Structure formats: C-alpha cells, structure tokens
Amino acid sequence: MRPVETKSAPDDRNPVLIGQRPRSRRQAAGKSMWIAIWLLYLAGPVGELSSHGAGTAQRVWGFTGLALFVLSYVALIFHHMWRRQPGPLQRYVPLVAMVALSVALTWTLGFSWLVLFIFTSVASAVVLPWRRSRWAIPLITALVIAVGARYPEIRNYYLFAYALPALGSGFVMIGVQNLVRTTHELRAAREEVARLAANDERLRLARDLHDLLGHSLSLITLKSELAGRMLPGRPEDAAQQVADIEQVSRQALVDVREAVTGYRRPRLAVELAGARVALRTAGIALTVDPALEDEPHGLTADTEGALAWALREAVTNVVRHSGARHCELLLTEEWAADDRHYLCLTVNDDGNGPLRTQHDGNGLNGLRERLALTDGRLETGQAPGSHGFALRAYVPRHTPAPTPDAPVPMPNTSPQPVTGPAQALSSNSCLPSGPPSGRTTEFDDRT
C-alpha cells in the first residue's frame, strides 16, 4: 500500500509547522523565533522611550507597562501553540490586561503606542472562539479610533495606519485559525482513510489465506492419511500420494505468494479440477452440471473469481464437515424480481446438513463479503430431497451488446420438460426468493 503521512511524521514542506504542535525543542525554538519577529513592530514605542525627551517617570511606566503587555501576549500565544486549553482566568485575564495596558499607555505616552491594539486584536482572534472574537475585534478597533482621536496631529491618517490594520489583522487571524482547524480535520481524515485501507487489506489477506490454505491443507491431510493406510503393503501407491502432497504444497505456496501480492484471481476451470481431485481423494462421488464444464459466458473477471472462490470454499466444507457420499455441482441462470439476470452456482451434498447455530464460520462470512463486492449474494440451507447442505452463490450476469449485423434470437415460448440432475433445483433451489423446501435457512459453523 502507498504510505500515508500521519501527524507523528515530520512534514518538511511546512518548516514553520503552522497549525502543528512542536515536537522538539528545535521546532519550539523555530516557532518562537517567528513569534518574536512580529514583536519588532514595538520598535516605535521603545524608540520613543529611549529618546532624550522622555522623562524618568515616563520610562519607568513605559517599560514596565510594555513588559507586562509582552508577557501577557506571549503567555496567550504559547498556551495556544502547545495546545493547552487555558481556563477562563488564563484566557480572559491576560486579554483584559492587554486591552487596559493598550488604552493606558497610549493615553499617557503618545499615539505611537496605538500599535499595541494590533497585537491585542490578533491575540483575541487566536484564543477566543469565533462567536466572541467576531465582536471583540470590532470593539478593539473602536477603542483605537476613540483613543487615537485624542491626538489631533494624526487624525488625517491614523484610521489607515492603526484602525484598519487592527481590524484586518484580527479577521485575517480568524481565517488562519479556521484554516488550521480544517488542516487538523483533513489530517485526521487522512489517518482514518489510511487505517481503513490497512484494515481492508488485512481482511482481504485473511480471506485469501483462509480459503487457500483451508482447501490445500485439507487435501494434504486426506492424502497423508491415505498414504499412511497404503504403507507398508502398497509402497508404490503411497509414493504417488506423497508426490501429490508435494505438488499441492508447492501450488499452495504459489497461491499464498500471489495472495500476499494481491495478484491472486482464481478461475472456475482451475477450481473445478481441484474440486474433482479433493472429492475423489475423500471418496465422495461427484456429479457436475454440463453447463459448468463449458466456459461460462457473461462473467467478468471479478464475478468469475467470486464464483471460483465459492466453489473452492463449498468443496472444502463438503470434504471437511459434511460426511457426505455424494456431491452435486450446478450452474443455472436465474432472474430476480427486479429483472436482474444472475448466474447461480449450487453445491449440494447428502451429508449431515446445516447445524442449528446462529453464526456462519469465517469462510462463509468471507465468501459472503466477496460476493457482495460483485453485487452478488450467498444463500445456504438444506439441500432439496435430502438432509444434506446446499450452498448457492449468485453473481450478476453481464450480457454483451449485440452487433448491428447479428440476428436477434426469438424467445422459445413452448413448454419443455426439465430432466436430468438439475430438475429439482431448477424449480426451487436457486430461486432468489428464499431458502429451499420452504424451510428457514439454518447456518452452521462451517468455515
């Protein structure tokens, strides 16, 4: 699978780590540096205090108030940067202190201190929720206008130099906060998608390994028991069984490798040949519908693969659980109530039949999921005419579009009797309307 970045992975494309909590001291120092750069806008008030015209009392008051203001601002920003949720006191007390200091310092020391309102507007946008910051920022801007009106020398331009930057910076920061929240949600969604993709891959691999190894190991077990019974009287026949075990083991290894890499796609003809070998080894007679012997038409690669998995799983269950003496494989065409065309693979046996348990085994659950991926379905129940087990797998049949020059076949409406081994199932066993023989379907613990 393609690797997906998560929140624990570093992102070299975002060196400032906007919207991300710093994960090391180096990253924290980098973010602190970017915060400190914006404090350079306080150079105006600091230069005014350092000039020769400022008195001692003004300098003491100015530097003390400026230090308290910067401490309040940095405390709010760093709480937000480290994702610590400040309480009401930690959030509103520093913000109210910044507003009060902005008004007091500007009113007593000069109009250059109006720049403090811009920092206050930005801080309110960062720490306050939207429903409060959308009102706090205009109020701070109104304070800028009211306090700045005290200085006649800047009335011609202070609206553009201080009021509009305070308003604009606050709402721009609100937009940045919304962008950060959206980024967090997208990152969480990406991690969830990666987690679901990994779970889907694990489920696919679990289904493939269960179906592949269940069939192969069952056949190996049967041939091993058969070889043991042949020794020491029939060593040549036992050697043939051992050779078959080696062949099955090698094929199982190839199948597992293909399943791990995702390239495993079974074919009906291959699985039918494997079913013959497994049933013959287990001493179970097999009857195959001629329609299944031929290459089925109207199947895509996915639908044929789903039917092939169904055949493999059904035959494995017959060999391992049924105790049957005869097994029958049928392939019929069915029409559903919504006029959809289906191919139905039916596997009947005359064994023990379905057990009265509430849940399917892992194999039937995995098979049901495979068929659902192709818009098909699985039905299980008692076999018609016996006490055995019946499995029916439905997949949609895709009819190729006729060519313009091809003749259109006319339907044959004359009634014809149905004969042969498919007579019983053509009437009720493969109908999509419900379980056979009018009985409630009972699921067993077959794999």
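Excluded from the calculations below are hydrogen atoms, water molecules and symmetry mates; all remaining heavy atoms, backbone and side chain alike, are included. No experiment lies behind these values; they were computed from the predicted model shown.
Atom CZ of R325 has 12 or fewer heavy atoms from other residues, nucleotides or ligands within 6.0 Å.
Each of T221, L222, I220, L226 was checked for a side chain to side chain contact (heavy atoms under 4.5 Å, CB included) with I245, and the lone residue meeting it is I220. The residue from V315, V248, L219 that alone fulfils the side chain to side chain contact (heavy atoms under 4.5 Å, CB included) condition with V277 is L219. With C344 as reference, E334 is the one residue of E379, R397, E334 to meet the side chain to side chain contact (heavy atoms under 4.5 Å, CB included) rule.
Side chains of V347 and L330 form no contact here, defined as non-hydrogen atoms less than 4.5 Å apart. Residues Y41 and I118 fail the side-chain proximity criterion, which asks for heavy atoms closer than 4.5 Å. L95 is listed as a side-chain neighbour of L128, based on a closest heavy-atom distance under 4.5 Å. Looking at heavy atoms from C-beta onward, H326 lies out of side-chain contact with L286 at the 4.5 angstrom threshold. R340 has its side chain within reach of P396: a pair of non-hydrogen atoms, C-beta onward, lies under 4.5 Å apart. Side-chain atoms of Y394 and L343, non-hydrogen and from C-beta on, never get closer than 4.5 Å to each other. Between V122 and W38 there is no side-chain heavy-atom pair separated by less than 4.5 Å. In this structure the side chain of L167 never reaches within 4.5 angstrom of the side chain of I140, judged on heavy atoms.
In this view, E236 satisfies the salt bridge (Lys or Arg N to Asp or Glu O under 4.0 Å) rule with no residue, not counting sequence neighbours. Shown here are the side chain to side chain donor-acceptor pair (under 3.5 Å) partners of R131, two or more places apart in sequence or in another chain: there are none. The side chain to side chain contact (heavy atoms under 4.5 Å, CB included) test applied to Q247 returns D244, not counting sequence neighbours.
Here the straight-line distance linking atom CG of L292 with atom OG1 of T287 works out to 12.0 Å at 0.5 Å rounding. Distance CG/L307 to CG/L331: 7.0 Å, rounded to 0.5 Å. Atom CD of E293 and atom CG of L329 lie 9.0 Å apart (nearest 0.5 Å). E313 contributes atom CD, which lies 11.5 Å from atom CZ of R368 (distance to the nearest 0.5 angstrom). To the nearest 0.5 Å, atoms CD (E271) and CG (L311) are separated by 6.5 Å. The OG1 atom of T316 sits 7.5 Å away from atom CZ of R320, with the distance rounded to the nearest 0.5 Å.
Taking the charged nitrogens against the carboxylate oxygens, R250 and E246 do have a contact shorter than 4.0 Å, which makes a salt bridge. In summary, E304 and R370 do not engage in a salt bridge, as defined by a charged side-chain N under 4.0 Å from a carboxylate O.
Residues L101 and F69 come closest through the heavy atom pair CD1-N, 3.6 Å. Nearest approach of P94 to S72, heavy atoms of both residues: O-CB, 3.8 Å. Nearest heavy-atom pair across S124 and S121 is OG-O, 2.7 Å. Closest approach of W309 and L367 over heavy atoms only: C-CD1, 4.0 Å. Looking at every heavy atom in both residues, I284 comes nearest to V319 through CD1-CA, 4.4 Å. Pairing each heavy atom of T346 with each of R392, the nearest pair is OG1-CG, 3.6 Å.
A side-chain donor-acceptor contact under 3.5 Å links S133 to the backbone of P129. Put simply, the side chain of S322 never gets that close to the backbone of G351: no donor and acceptor are under 3.5 Å apart. The backbone N or O of F389 lies less than 3.5 Å from a partner atom in the side chain of D349, making a donor-acceptor pair.
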(request) Tell me, with the steps shown, if Q177 and M173 meet side-chain contact (heavy atoms from CB on, under 4.5 Å). (result) CA-CA 6 Å; Q177 294 302 305; M173 187 54 63; 3.8 Å; yes

(message) Is there a side-chain contact (heavy atoms from CB on, under 4.5 Å) between L371 and E369? Walk through the geometry before answering.
(response) CA-CA 5 Å; L371 292 171; E369 293 172 0; over 6 Å; no

(request) For F117 and V103, run side-chain contact (heavy atoms from CB on, under 4.5 Å): C-alpha distance rounded to whole Å, both residues' side-chain angles, the deciding distance at 0.1 Å, then the answer. (result) CA-CA 8 Å; F117 287 97; V103 173; 3.8 Å; yes

(message) I'd like to know whether L364 forms a side-chain contact (heavy atoms from CB on, under 4.5 Å) with L391, so could you lay out the CA-CA distance, the side-chain angles of the two residues, the decisive distance to 0.1 Å, and finally the verdict.
(response) CA-CA 10 Å; L364 291 181; L391 181 146; 3.7 Å; yes

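When only modelled atom types and interatomic distance are considered, T374 and T303 share no side-chain donor-acceptor pair under 3.5 Å. Using modelled atom types, one finds a donor on one side chain and an acceptor on the other under 3.5 Å when comparing N178 with R181.
For the pair R377 and Y342, the cation-pi criterion (under 6.0 Å, within 45° of the ring axis) is fulfilled.
The aromatic rings of F171 and W130 lie perpendicular to each other, with more than 60° between the two planes, well past the 30° mark.
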